Each structure stands twice: as C-alpha cells, then as structure tokens.
Undergrad: 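Structure in structure tokens, see below.
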Amino acid sequence: MIRIVYDGTIFTSQTSGGISRYFCKLIEEMARIRPDWTFDLHIVEDGREPARLPAGDNIQITRRRHFRPGWFWSPINYANRQFKIRNAQPAILHSTLARPFSFCPCPLVTTIHDAIIEKLPEFYAHRSHARAKRWWRWSAQRADAVLTVSRTSRTDILDIWAPPPSKVHVTYPGVEEAFKDAGFEKTSDVSSRFAVKRPYLLYVGHRGEHKNFQVLAEAIKDSAVEDLDLVLVGGADRVPELEGWSGVKRNRLHHLKRITDSELRSLYSGTVALVFPSLYEGFGFPLVEAMSCGAPVVSSDIPSSREVCGDAAEFFQPRDPADCVKAILRVQDQKKRESLIGSGIERAKLFNWSSCANETIRVYEELIAVWSSKATRDHASPRSNSWESLT
C-alpha cells in the first residue's frame, strides 16, 4: 500500500488558520478519492492544542514528542523527526511548512502558499525570519515538486527562488460545503445572537502585518458609511486601530473571537460586504467563502484577489481609505449588488476540493513513477541534501 507522509508542522504552528485548514481538507479529500492509499500525518505533542486534524479510515495520525524544547535540542529533535519519518517508509514525503529534510528516502513535495516573506520584507525583519527565508529558498529549490495555491504565487516563487518551472504546480484550494447562502432566517438569528442590529461590514481573520487592517479602520470612520457597523471575526483581543472610538461609535464595533462555520456562513450571508484590505496574499480563503455565501466582496486591488475573484468584486487601492469607502458605497447600489452576488456565487464554484485533491494526487503519482524508474536503474541510493548551512 502506498503511504503518503506529512510532517504536520503546520498543525502545531497554528491552532487555526488557512494553511492548517487547507491541509486538513486536502488530506481528507485525497483519502476519499484514494482509499487504497494511507495518509500518515506526523504530529509533535508539545502541550499545545493542535489545529483540527483530518479524519478518515485511511488517515493515520502518528504522534511523537520532542526530547526537550529549545534551540539547543533542535538538532536532536530534528534527527528524531527524520528517523521516525524514514521508518514510516513513505512513497511521498510532503512538507506542510517548507521545512528541510536531509537524506530523504523518497520524493519530497512541499507546499508554498505565497512568497510574502520576500515580497513584504518590512514585516519580516526579525532575525528569526532570516532562517525561515533560507528554509523557503531551500524548499523551492530542492523539493521534487512545489505546490502552490495560485498563479500569482507561482510567478512569485519562480521570480524569487528560481526553481525549474516544470516542478511548480498550481493546485487551487476549494471552498467547503459549509459555506453556502444561509438565507434570511438564519442570518437574522445569528445577527441577533451577537447583538448586531444594523447593517454591517465583515472582516475575517487576524489583523496584523500584511492584512492592512488600518485602512479599513480609517474607512469605517468616514461619515459616508456611519450607518454601517463593523463585525470582526477572529484576531487578537485588542483592536488598537479603533481604540479612539468612544460612546455610540464604539457600539458600531462587534468582535467575535470564536464562532462556528455555520455562524460564519450566516454572517457572510447577511453582510453588506466582506472587506478584504490585504497588501499581499497567496489566495485568500475569506474571498471564496464570502462569494459562495452570496456576500459582495470589497477587496484591495492586488494580483491574487483579481485572480480569485475575477469581476465578482469591487476593488480599491490598498493604501487608500477614501478609495475603500467609495468601493463600499458602490456595493450598496442594488443593481451592482445583485450583479456581484450572482457572479460571486458562480465564481466560487470554480474552487473545489475534489479538483485540488486530484491534481495533488497526479503530482504524487508522477513522482512515484519517476522515483521507481530511477530505483530500478541505480538501486535508490538515499539522497543527501545538506541543509545544516541554512540554520
């Protein structure tokens, strides 16, 4: 039986987020399509609650512990990881967060969602990011296949790290079935539950770094949109960009830290618009979720958002709050709104997990075939990728 092994780093690096959700759904869908394969996810138990893990009859969760935490023990923990993965005898090793693997006993696949660490260096100047940059470069250049989530990201990966173009593949993520138009009744119920009584704009996700939330924070203060509330889903407890608000203005802000997919679907369905002000993205899950739920999208005019949304969004200049306000006002025109909702629902249908899984399986199968042919010729001597100089 073919065994696909995942290093699982992303599941302990974040308790929630787009990348862990991507791998969870992708692995579940591939396991459904290929019941004759085993999908083995290696997880480090370090006391933190991991992100939601995939489940299925042919999905195996292999748990292990570090000897000790800390930089001093890092090489030993790394060697232990190598040992455990080699013993699993994988047909494919898939790195979930661009981590290096030396002496890889099989084809190595890595997923690089974007090149933000190089595209927006002002947000990644800490010394810890220097190591991450080396890991990303190593992964792009040394992996047997690089998967990414958009043509925008593929172009950036090729421009910055220059891997052979033939090994960089676009596998668009999907939108989950949970995100469908919830209808007025459920929307009204959820809005009342969270004390959202007025028409509202919706922002989903964390608000730091490249997310450019400060532009939306300035836009929402404009008198032209003072009849709209702002609902934030997720992110840090503090909202420093709006701490100057007081009195009745403060009542326009609703911060929902943890909600279910069903509740988020209802919020998408009832919003005036999802506002997505990012400076850079590889894909942007809120965009396809919102479109699938029948929510108009107001997005910063960046290449990935153009690629994902097509003509199913209103765009604004990323660093211009006044232009953001104009886009918000445009989506309130009834004719424009109906057009965006209709085209958004159709656009979202282009993104499905079945296609993503099938394309990923195709890459796996091609690599397995090439590796098997090579093993027949030269008896599969283990490959040594010296990465120690990168640390």
Side-chain angles (χ1 to χ4, degrees), residues 181-205 207 211-235 237-257 259 263-278 286-287 289-301 305 309 312-345:
D181 191 344
F184 177 80
E185 184 176 351
K186 285 188 177 182
T187 299
S188 176
D189 176 63
V190 170
S191 298
S192 299
R193 187 187 317 169
F194 292 118
V196 183
K197 307 295 185 183
R198 306 195 317 156
Y200 60 91
L201 300 171
L202 183 63
Y203 177 93
V204 177
R207 300 180 298 279
K211 295 298 183 179
N212 198 33
F213 176 74
Q214 66 272 16
V215 165
L216 174 56
E218 288 301 314
I220 197 67
K221 297 173 187 176
D222 194 292
S223 60
V225 293
E226 63 184 4
D227 58 333
L228 299 177
D229 285 4
L230 176 60
V231 175
L232 309 179
V233 175
D237 292 344
R238 285 186 60 213
V239 189
E241 296 88 351
L242 296 176
E243 285 182 347
W245 279 12
S246 60
V248 67
K249 287 185 177 181
R250 187 70 181 177
N251 293 333
R252 294 174 59 200
L253 176 64
H254 310 269
H255 189 189
L256 313 178
K257 297 171 187 175
I259 62 175
E263 291 167 339
L264 178 56
R265 175 191 65 197
S266 295
L267 287 167
Y268 277 133
S269 297
T271 188
V272 171
L274 170 79
V275 184
F276 194 79
S278 289
L287 296 172
E289 291 170 357
M291 290 190 297
S292 184
C293 290
V297 170
V298 172
S299 174
S300 53
D301 194 353
S305 292
C309 296
E314 280 295 303
F315 295 98
F316 64 92
Q317 292 304 307
R319 300 183 187 273
D320 188 346
D323 203 34
C324 181
V325 171
K326 293 176 184 177
I328 292 168
L329 294 176
R330 289 196 297 271
V331 301
Q332 294 183 74
D333 175 81
Q334 189 60 32
K335 186 175 181 181
K336 168 62 75 173
R337 182 177 184 81
E338 291 174 357
S339 174
L340 288 173
I341 290 172
S343 57
I345 289 173

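Because the structure is a prediction, the values reported are computed rather than measured. Values below: every heavy atom of this structure, side chains too, minus hydrogens, waters and symmetry copies.
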Undergrad: Less than 4.5 Å apart, any side-chain heavy atom of D222 and any of I328?
TA: no
Undergrad: Can you measure from CZ (R198) to CG (N251) and round to the nearest 0.5 angstrom?
TA: 9.0 Å
Undergrad: Just to verify, what does D301 make a salt bridge (charged side-chain N to carboxylate O under 4.0 Å, His left out) with, not counting sequence neighbours?
TA: R306
Undergrad: Hey, are the side chains of V297 and L340 touching, using non-hydrogen atoms and a 4.5 Å cut-off?
TA: no
Undergrad: At their closest point, which heavy atom of C324 faces which heavy atom of A219, and how far apart are they?
TA: SG-CB, 3.9 Å
Undergrad: When you compare the side chain of I220 with that of V275, does any pair of heavy atoms fall below 4.5 Å?
TA: no
Undergrad: Taking the side chain as every heavy atom from C-beta outward, state whether E289 and L264 have any pair of such atoms under 4.5 Å apart.
TA: yes
Undergrad: Can you tell me if CZ on R319 sees more than 12 non-hydrogen neighbours from other groups inside 6.0 Å?
TA: no
Undergrad: For A224 and L329, which heavy atoms make the closest approach, and how far apart are they?
TA: O-CD2, 3.7 Å
Undergrad: Under a 4.5 Å cut-off applied to non-hydrogen side-chain atoms, are L256 and E263 in contact?
TA: no
Undergrad: Which residue, L201, L202, V298, forms the side chain to side chain contact (heavy atoms under 4.5 Å, CB included) with V272?
TA: L201
Undergrad: May I ask you to test the L232-L230 pair for a side-chain heavy-atom distance under 4.5 Å?
TA: yes
Undergrad: So which heavy atom on V225 is nearest to which on R252, and how close?
TA: O-NH2, 3.0 Å
Undergrad: Over all heavy atoms of both residues, which pair between N212 and P318 is shortest? Give the atoms and the distance, please.
TA: ND2-O, 2.6 Å
Undergrad: Is any side-chain heavy atom of S300 less than 4.5 Å from a side-chain heavy atom of F316?
TA: yes
Undergrad: What's the shortest heavy-atom distance between G234 and R207, and which atoms?
TA: O-NH1, 3.1 Å
Undergrad: So, for Y200 and L267, which heavy atoms are closest and what is the spacing to 0.1 Å?
TA: OH-O, 2.8 Å
Undergrad: Do Y268 and S292 come within less than 4.5 Å of each other through their side chains, counting heavy atoms only?
TA: no
Undergrad: If a pair satisfies side chain to side chain donor-acceptor pair (under 3.5 Å) and one of its residues is in residues 333-344, list it, with sequence neighbours excluded.
TA: E314-K336, Q334-E338
